[in-house]
Amino acid sequence: MGEEVLDVFILDLSYEVVRSEPHIVIWGIDSSGNRVLLRDRSFRPYFYAVLEDDAPVEQVAEMIRRLSVPSSPITEVKPVDRKYYGRPVNVLRIQTVIPESVRDYREKVKGIAYVREVLEADIRFALRYMIDRETPPSTWHRFRVRKIPRSNEYRVSEEYEVLERIGYSDITKPPSMRSIAFDIEVYNPRGSPRAETDPVIIIGAMNDKGEKVQFLAEDPGPRDAKPLREFIEYVLNEDPDILFGYNSAYFDIPYLMERCKRYGLKFDIGRRRGAEPRPSVYGHYSIPGRLHVDLYDFAEEIHEIKIKSLDVVAEYFGIMSRSERTNIPWYEIARYWDDKSKRPILLRYSMEDVISTYGIGMKILPFAIQISSLTGLPLDQVGSASVGHRLEWYLMREAYRYGELVPNREERPYEPYKGAVVLEPKPGVHENIAVMDFSSMYPNIMIKYNIGPDTYIDNEEECGEDGCWKAPEVGYLFRKSPPGFYKRVLETLLKLRRSIRDEMKKYDPDSIEYRILDERQKALKILANAAYGYMGWVGARWYFKQGAEAVTAWGRATIKRAIEIAKSMGLEVIYGDTDSLFIKYSKGLAEEFAERISRELEMEIKIDKIYRKVFFTEAKKRYVGLTENGGIDIVGFEAVRGDWSELAKEIQEEVARIILGTNDVSKAIEYVRSVVKNLEAGKIPMEKLVIWKTITRPLDEYEATAPHVRAAKILLSRGGRIAIGDKIGYVIVRGAGRISDRAMPYTFVDPKDIDPSYYIDHQVIPAALRILEYFGVTERTLRSGSRSRSLFDYSR
DNA sequence: TCGTGGCGGGG
DNA sequence: GTGTACGCCACGA
């Protein structure tokens, strides 16, 4: 069969060893919409040995060659030009055949004389290929290929052998990918379900044409062999590129697999016949040839959402509001199944979960595609990889382009260092305040001062002709030139982002082109902003503590200098944190200030927002602002924290609103008193009294029994399951003893047992007082209806 | 009464 | 398996 040129959008890359030869396997979609498999036999695993400067290179190479074993011969050992932390090094590239053998060779090479370090032996083979051949997934590429006879092994339309990767294709829009969302319900008459004993009762799914299906267990039983078979068949018929689930890596997939195992059924839903899903890196479950995307991972990153349940997240994305959907508590599911009159409600509930999952998938997908194509992470691993790992994949790609060797992962002890400055706020209500933010302060500091492990030097003599930057306070020195690794990477990211934002102007904001570009510029910003934190992370390959310390030191110096400039211009500074300054706004002057900063500090500062009023207490990181359009911004206070009851939060927000909106303190006092009365009369619904806190470690590792720990223990003793990261919702009930002795999971509490005095003393009054205290209001005033002091006295 | 453990949100 | 700074609760000595 002849050669041809093929444009392919890469879904995923993996490898197989076929008759002692490694094959890179590329799963993709071609420009005609065929699902294809490309096989590249030309790539071989390798790693590097860095030698001492005075090493006899050829002799060392010969010794390494002698390590060769027949099962995976060493095919090449040769000196290559590479840099390590910016410096050219004496380095041998060692190539073999079988990827798994790299680990053995690495250990043996380490023991050879003159070998200082072994590098890049811990980079997985498929990633190695993606970097070296520049084949990031979620991108269109052009290959020269030869069609090969279709084997029966893969569920694809065509198979090809790669002769050459020509480059990127000129297609830029992602192809239309077939996607399905799925969700299961399981039978759990005894509380928490266990896959060994409790069958699946509903498997629901939906595709991109809007077609919905439900596979149901059979009565009596319930027996689930049939729905399991039907679901497998469904997936194979639909042949989706993407499967969206919600918490599917931790629940649905392993559960379905365990159920299949009980019937001797293969959960064979991938594009490679007979291959079941398997646990992979970062807690992900991978399905061969398809992209299994667990949307829960993305929800975890949304800090505005406290409870990451599917209904809450779907509401957040505007897919389905919680009030208009069917909600069944998890412990009621078996009952709804058993009761034939209620079963339709359960079916509706299940389908709404599927629709929600699909909707979230569609919202997340454009962003995930951009992160995938930039970092090289397969789309299905974008969610499960941490921020640090995402950036690291990007850095590895860049390092290769620069001829830079990748440092090894190392175990290091945690080392704390000094962070940013936070100014003491001026307490009180201030009018007309501009919040000014330095744009991307840390990335710009890293660029400006060329900070990184490769530009760092020990003493001034080594500064060279161009000289050094010296970090304030810590005194670390960084060569001004040439540009270091971090600087080059960040400049590339920011330049790319600027050009994309320029290009966006050409398009209608509603167009698909605009949306794609917008997601891409967001992804670039996220990667740039992660660089500083990454550098200070002990687990990072490019970890560099002095660099992270220097960044925060220059950050502190920059903001301090900006304050001096502001003061010299007669601008009053109310507050500041890390990269922001709150200044008294006067038109013209703030703009002039921004100009001077840009001239003198070579950093951009911009007006982020203007508050008609802003209120501070003595506390840092807490304020309330009244925006120009009359909205209220609450920062740091209890009202925006997840670990206070809804009631306390509501009251604090309302108090803030009354004070900033009307200046009427007496009105706020009256409001608080009325809530106290309602509480005493038992008129507040229990949901508003629940306090949510996270379990962060195994229960027996807690030093003291905090209320949420105690509530978790009760939950456990009653058959519930507790995992690290779970949020525990509890209320305080009447009785004697410590608060923790009276903390109960709210699901077990009769509302009349709730202790109103706890909520008055520990929730409502403190939350209200946090703001009202500044206006001279005391606890007594809020508690008593009696007028020890006329309300009139508070009108300021 | 006070030091400490614990937690969350924010720039 | 990004960073540090900060406020405030409840526990328990």
Side-chain angles (χ1 to χ4, degrees), chain A residues 281-283 301 303-306 384-392 395 409-412 414-425 435-443 446 526-545 547-549 551-553 555-556 559 575-582 608 617-623 633-645 648-649 691-697 701-710 725 727-728 732 737-743 758 761-763 766-767 769-770:
Chain A
V281 283
Y282 319 122
E301 291 176 38
H303 298 293
E304 297 96 294
I305 313 179
K306 178 181 48 170
S384 44
S386 71
V387 173
H389 282 112
R390 289 177 197 170
L391 179 64
E392 192 152 85
L395 293 177
R409 267 197 183 293
E410 274 177 55
E411 292 261 350
R412 304 185 187 87
Y414 170 69
E415 301 178 281
Y417 63 89
K418 202 170 159 193
V421 269
V422 186
L423 306 186
E424 297 283 346
V435 183
M436 305 197 65
D437 275 351
F438 280 96
S439 323
S440 300
M441 184 195 245
Y442 284 178
M446 289 172 78
I526 284 172
L527 288 175
N529 286 342
Y532 149 73
Y534 172 86
M535 187 166 62
W537 169 40
V538 289
R541 287 180 188 268
W542 279 276
Y543 171 67
F544 188 55
K545 193 191 119 171
E549 272 185 291
V551 172
T552 58
R556 294 190 295 272
I559 199 162
Y575 177 63
D577 182 350
T578 312
D579 58 356
S580 71
L581 285 177
F582 288 54
D608 181 44
T617 66
E618 293 82 28
K620 294 172 173 184
K621 291 189 181 278
R622 300 189 144 200
Y623 58 86
D633 272 358
I634 302 186
V635 175
F637 281 108
E638 287 75 2
V640 290
R641 291 175 62 100
D643 57 346
W644 281 70
S645 65
K649 289 160 64 171
I691 298 160
W692 295 89
K693 266 195 162 64
T694 312
I695 293 294
T696 59
R697 64 194 70 182
E701 282 179 22
Y702 280 98
E703 304 231 356
T705 307
H708 72 296
V709 177
R710 155 94 183 168
K727 293 229 190 270
I728 307 297
I732 305 300
R738 295 168 304 188
I739 292 169
S740 58
D741 292 332
R742 298 185 282 122
Y758 167 80
D761 298 345
H762 297 268
Q763 293 277 320
L769 225 43
R770 205 80 69 213

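Values reported hereafter were calculated over all heavy atoms of this structure, with side chains retained and with hydrogens, waters and symmetry mates removed. This one's a predicted model, so the numbers in the text were calculated from it and none came from an experiment. The sequence lines fix the lettering, A, B, ..., with proteins before strands; numbering per chain opens at 1.
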Atom-to-atom span, [atom1] of [X] to [atom2] of [N] - whole angstrom:
X      : N      : atom1 : atom2 : result
A/R641 : B/dG8  : CZ    : C1'   : 4 Å
A/K621 : B/dG8  : NZ    : P     : 17 Å
A/W692 : B/dC7  : CH2   : C1'   : 16 Å
A/N529 : C/dT4  : CG    : P     : 17 Å
A/I739 : B/dC7  : CD1   : C1'   : 16 Å
A/D741 : C/dC11 : CG    : C1'   : 11 Å
A/D761 : C/dA10 : CG    : C1'   : 14 Å
A/W537 : C/dT4  : CH2   : C1'   : 17 Å

In terms of the nearest nucleotide of DNA chain C, which residue is placed more toward the 5' end: A/R770 or A/Y417? A/Y417

So, does [X] get its side chain near the phosphate of [N], meaning an N or O under 4.0 Å from OP1 or OP2?
X      : N      : answer
A/H762 : C/dA10 : yes
A/R697 : B/dC7  : yes
A/K620 : C/dC6  : yes
A/S740 : C/dC11 : yes

Please pick, from [options], the nucleotide with the shortest atom-to-atom distance to any side-chain atom of [X].
X      : options               : answer
A/V422 : C/dG12, B/dC7, C/dA5  : C/dA5
A/H708 : B/dC7, C/dG7, C/dC11  : B/dC7
A/Y532 : C/dC11, C/dT4, C/dC9  : C/dT4
A/K693 : C/dG7, B/dC7, B/dG10  : B/dC7
A/T694 : C/dC11, B/dG8, C/dG7  : B/dG8
A/Y702 : C/dG7, B/dG8, B/dG6   : B/dG6
A/V635 : C/dC11, B/dG8, B/dG10 : B/dG10
A/P707 : B/dG10, B/dC7, C/dA10 : C/dA10

Does A/F582 have its ring centroid less than 6.0 Å away from the ring centroid of A/Y623? yes

Pick out which of A/E415, A/E410, A/R412 makes a side chain to side chain donor-acceptor pair (under 3.5 Å) with A/Y543. A/E415

Full working for side-chain contact (heavy atoms from CB on, under 4.5 Å) between A/D577 and A/Y575: CA-CA 7 Å; A/D577 182 350; A/Y575 177 63; 3.8 Å; yes

Within the structure shown, what part of the strands sits under 4.0 Å from [X] by heavy-atom distance: base, sugar-phosphate, or nothing?
X      : value
A/G539 : nothing
A/F438 : nothing
A/Y758 : sugar-phosphate
A/T552 : nothing
A/R710 : nothing
A/A420 : sugar-phosphate
A/Y575 : nothing

Would you say the side-chain atoms of A/R409 pair up with the backbone N or O of A/G539, donor to acceptor, closer than 3.5 Å? yes

Look only at the side chain of A/Y534 and the backbone of A/R541, and say whether a donor-acceptor pair between them is shorter than 3.5 Å. yes

Is A/R770 positioned over the aromatic face of A/F637, cation under 6.0 angstrom from the ring centre and no more than 45 degrees off axis? no

What's the verdict on side-chain contact (heavy atoms from CB on, under 4.5 Å) for A/T552 and A/Y417, showing C-alpha distance, side-chain angles and the deciding distance? CA-CA 9 Å; A/T552 58; A/Y417 63 89; 4.2 Å; yes

